[in-house]
Amino acid sequence: MAISSFDKNFSNLVNAGFPYMYIQSYEEDRVVQAISRVLNNHELVRTPRELYVWSETDGFITDGKRVRETRQPVEAIEFAANAEKSGVYIFKDFHIYFGAERNTHPDHVVIRRLRDALPILKATRKSIVFLSPRLAIPADMEKEISVVDFPLPTEEELKGLLDELVSGLNPAAVRVTPEEKRELTRSALGLTMQEAENAFSRAIVAQRGLTKEAVAVIHEEKNQVVRKTGVLEFVHSNLNIDDIGGLENLKNWLRKRNNSWNERAKAYGLPAPKGVLITGVPGCGKSLTAKAMSAIWNLPLLKLDMGRIFGGIVGSSEENIRKAIQTAEAIAPSILWVDEIEKGFAGTKSDGDSGTAARVFGTFLTWMQDKTAPVFVIATSNDISSLPPELLRKGRFDEIFFVDLPTLKEREKIFQLHLSKRIKNSEIAHEITLDRETLHELACASDGFSGAEIEQAVISALYEAFFAERGLRKEDVLKSIRESVALSVTQREQILALREWASKRAVLATARDDREEMDGAAKVTQGGRIIDYDL
């Protein structure tokens, strides 16, 4: 088996005599097996070392045999410190003594004993590894403990698992081509071995064999992973690119980057796109675009809730953002949607929260700059002026798009979209026709309306027709438009300021053809830079 990055990193720490290491993982057996493999590789670890595993329930075990029944953490530390031979000691679930549970503090006796044992461990070149599903390092031990990343199963490991599961099946029950089998293996990337085994086993039972339909079961298992984080939401959307009225420049940009995650793009030398920031007038299609992206690229869409990030006990916000990032990378390639990003990062310069927002922002910023996993970030914002300038510089996002009020042509498309969708699904004989003349008249009457306001005007007109017990008429929509006060009127100053900001820093989301017909409040000549991503 090839030497992994974990093998190299862990062996270097052991050879250097690091006394304390911390591995965060749910996969205890895989971690123990990996450490055992490293210690038994004499090319990696020069001095032979025994491996001991301690837990509160079993005490110390080595080579499958119990060698010490001590179940007290202080006694376990003393055993490791006073042992004659050099060794690596895995301590399970030590996060409990480090104060990871709510409303608890680190066990000061345990911390004191660890600090007392430090010079002994260094002198005898022993290492203690804290293995836990949660990362919790007390402030008193921050300088002494090194965090070691333990990766999720590789494609090769998952392939071995799948081969093992299907080895006992009747060959006729394995109804997949070699390429489909590779696709199944790749789709399970991001799951633990136990989660992957559960997904593969469920698929085999449900299909009475192995078929390409197993991918759906694996995606369902990934959905479970996302839901368990508590800070991410798996967004299921039936929207597609045609459900967005206008914004053709932005849509073309997204189309050109489709399939940029696959092996063909990698062989071409293309890096995976980092992300896009979409700002503009509220109700003009920013969130709609994010929801439609999942269908455009056929990738899972995860929504990051910043309100859940900044919640809970002290220190949990930093852990929450790390957990969200790890989950997004675990199920990559994926799309991470940060809605109204300004609400999460607007106050990073304030000291009112003891610097929590600044630390969370720093973690997110560093990840965006250095990330190698194919996670595309789509951030939406209504008030971009409140965002820190570090977030907006080149290298964080591939492009910044400005979504202005829809032009005359775009309003025609939006009316056609909403009216045709509701008329098509109706059992009533509506009196309105969707010819170009009608759509043009409605679009002219709704100058300055956002896409959301146009949709609401159509819905209000339907209520009017429903109350009158007849089909929808053009006059109902026109009346609804006349009775509405558009956002372009109530927030005129804010929209002008937003356009002024975008004129030098963002690219127009509206296509050149749609910009040819501009009118009144919907003019976008000062809305953003003129760059066209024509297909």
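Only this structure's heavy atoms are used, side chains among them; waters, hydrogens and symmetry mates stay out.
For the residue pair E233 / W337, no side-chain donor-acceptor distance below 3.5 Å is found, with atom types taken as modelled. Using modelled atom types, one finds no donor on one side chain facing an acceptor on the other under 3.5 Å when comparing R134 with Q24. For the 3.5 Å distance criterion, the side chains of N198 and S201 fail to qualify, holding no donor opposite an acceptor. Using modelled atom types, one finds a donor on one side chain and an acceptor on the other under 3.5 Å when comparing N252 with R255.
At a threshold of 4.5 Å between non-hydrogen side-chain atoms, the residues L152 and T192 count as touching. Within the 4.5 Å cutoff, side-chain heavy atoms of F10 are placed close to those of V88. Between L391 and F361 there is a side-chain heavy-atom pair separated by less than 4.5 Å. L302 places none of its side-chain heavy atoms less than 4.5 Å from the side chain of I335. Between T289 and I278 the shortest side-chain heavy-atom distance falls below 4.5 Å. Between R322 and T363 the shortest side-chain heavy-atom distance falls below 4.5 Å. Annotation: side chain of W253 is in contact with side chain of D398 (closest heavy-atom distance under 4.5 Å). Put simply, the side chain of L135 reaches to within 4.5 Å of the side chain of Y22, judged on heavy atoms.
Pairing each heavy atom of P300 with each of P333, the nearest pair is CD-O, 3.5 Å. Considering all non-hydrogen atoms of both residues, N382 and E340 come closest at ND2-OE2, 3.7 Å. Shown here for L277 and F397, the closest heavy-atom pair between the two residues is N-CD2, 3.7 Å. Counting all heavy atoms, side chain and backbone alike, L184 lies closest to A214 at CD2-CB, 3.5 Å. Considering all non-hydrogen atoms of both residues, V235 and K303 come closest at CG2-CB, 3.7 Å.
Listed by first and then second residue, the salt bridge (charged side-chain N to carboxylate O under 4.0 Å, His left out) pairs that reach into residues 14-33 are E27-R30, E28-K92, R30-E157, sequence neighbours excluded. Pairs passing the salt bridge (charged side-chain N to carboxylate O under 4.0 Å, His left out) check and including a residue from residues 193-208, sequence neighbours excluded, read R202-E220, R202-E221.
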Step-by-step side-chain contact (heavy atoms from CB on, under 4.5 Å) determination, F6 to I23: CA-CA 11 Å; F6 171 80; I23 297 178; 4.0 Å; yes
Under the criterion side chain to side chain donor-acceptor pair (under 3.5 Å), I'd like the reasoning laid out for E155 against T185: C-alpha separation, chi angles, the key distance, then a yes or no. CA-CA 6 Å; E155 185 175 338; T185 303; 6.0 Å; no
From CA spacing to verdict: ring pair (Phe, Tyr, Trp, His ring centres under 6.0 Å), Y97, F94: CA-CA 5 Å; Y97 308 109; F94 238 65; 5.0 Å; yes
Please lay out, stage by stage, how D163 and K181 fare under the test salt bridge (Lys or Arg N to Asp or Glu O under 4.0 Å). CA-CA 10 Å; D163 289 340; K181 192 174 182 181; 2.7 Å; yes
Output, in order, the C-alpha distance, side-chain angles, deciding distance and verdict of salt bridge (Lys or Arg N to Asp or Glu O under 4.0 Å) for R182 and E179. CA-CA 5 Å; R182 281 193 293 272; E179 180 56 38; 2.7 Å; yes
Using a 3.5 Å cut-off and no angle test, enumerate the donor-acceptor pairs between side-chain atoms of residues 108-117 and protein atoms at least two apart in sequence or in another chain.
{"from": "R112", "atom 1": "NE", "to": "D116", "atom 2": "OD1", "distance (Å)": "3.2"}
{"from": "R112", "atom 1": "NH2", "to": "D116", "atom 2": "OD1", "distance (Å)": "3.1"}
{"from": "R113", "atom 1": "NE", "to": "E78", "atom 2": "OE2", "distance (Å)": "3.4"}

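The side-chain contact (heavy atoms from CB on, under 4.5 Å) with I35 is formed by just one residue from the set V14, L51, L131; it is L51. A side-chain contact (heavy atoms from CB on, under 4.5 Å) with I341 holds for exactly one of L387, T380, L304; it is L387.
Checked against the 6.0 Å centroid threshold, W297 and F376 count as a close aromatic pair.
D7 places no side-chain N or O within 3.5 Å of a backbone atom of V38 that could act as its donor or acceptor partner. Judged by distance alone, with hydrogens and angles left aside, the side-chain atoms of W54 form no donor-acceptor pair with the main-chain N or O of I77 at under 3.5 Å. In terms of modelled atom types and a separation under 3.5 Å, the side chain of T211 and the main chain of R175 share no donor-acceptor contact. A distance-only check finds no donor-acceptor pair linking the side chain of R396 to the backbone of M368 [under 3.5 Å]. Looking only at distances, a side-chain donor or acceptor of R125 sits under 3.5 Å from a matching main-chain atom of N15. The backbone N or O of K291 lies less than 3.5 Å from no partner atom in the side chain of S294, so there is not a single donor-acceptor pair. A distance-only check finds a donor-acceptor pair linking the side chain of K371 to the backbone of K274 [under 3.5 Å]. With hydrogens and angles ignored, the 3.5 Å screen pairs no side-chain donor or acceptor of Q369 with any backbone N or O of T366. With hydrogens and angles disregarded, a donor-acceptor distance shorter than 3.5 Å links the side chain of N12 to the backbone of K8. Between the side chain of R66 and the backbone N or O of D58 there is at least one donor-acceptor pair closer than 3.5 Å.
The aromatic rings of Y89 and F60 sit perpendicular to each other, their planes meeting at more than 60°, with 30° as the lower class boundary. Ring orientation note: the planes of F130 and F91 are nearly perpendicular, at an angle over 60° on the 30°/60° scale.
For the atom pair OG of S146 and CE of M21, the computed distance is 7.5 Å after rounding to the nearest 0.5 Å. Distance OG/S167 to CD/E164: 6.5 Å, rounded to 0.5 Å. Remark: R49 CZ to S36 OG distance equals 14.0 Å, nearest 0.5 Å.
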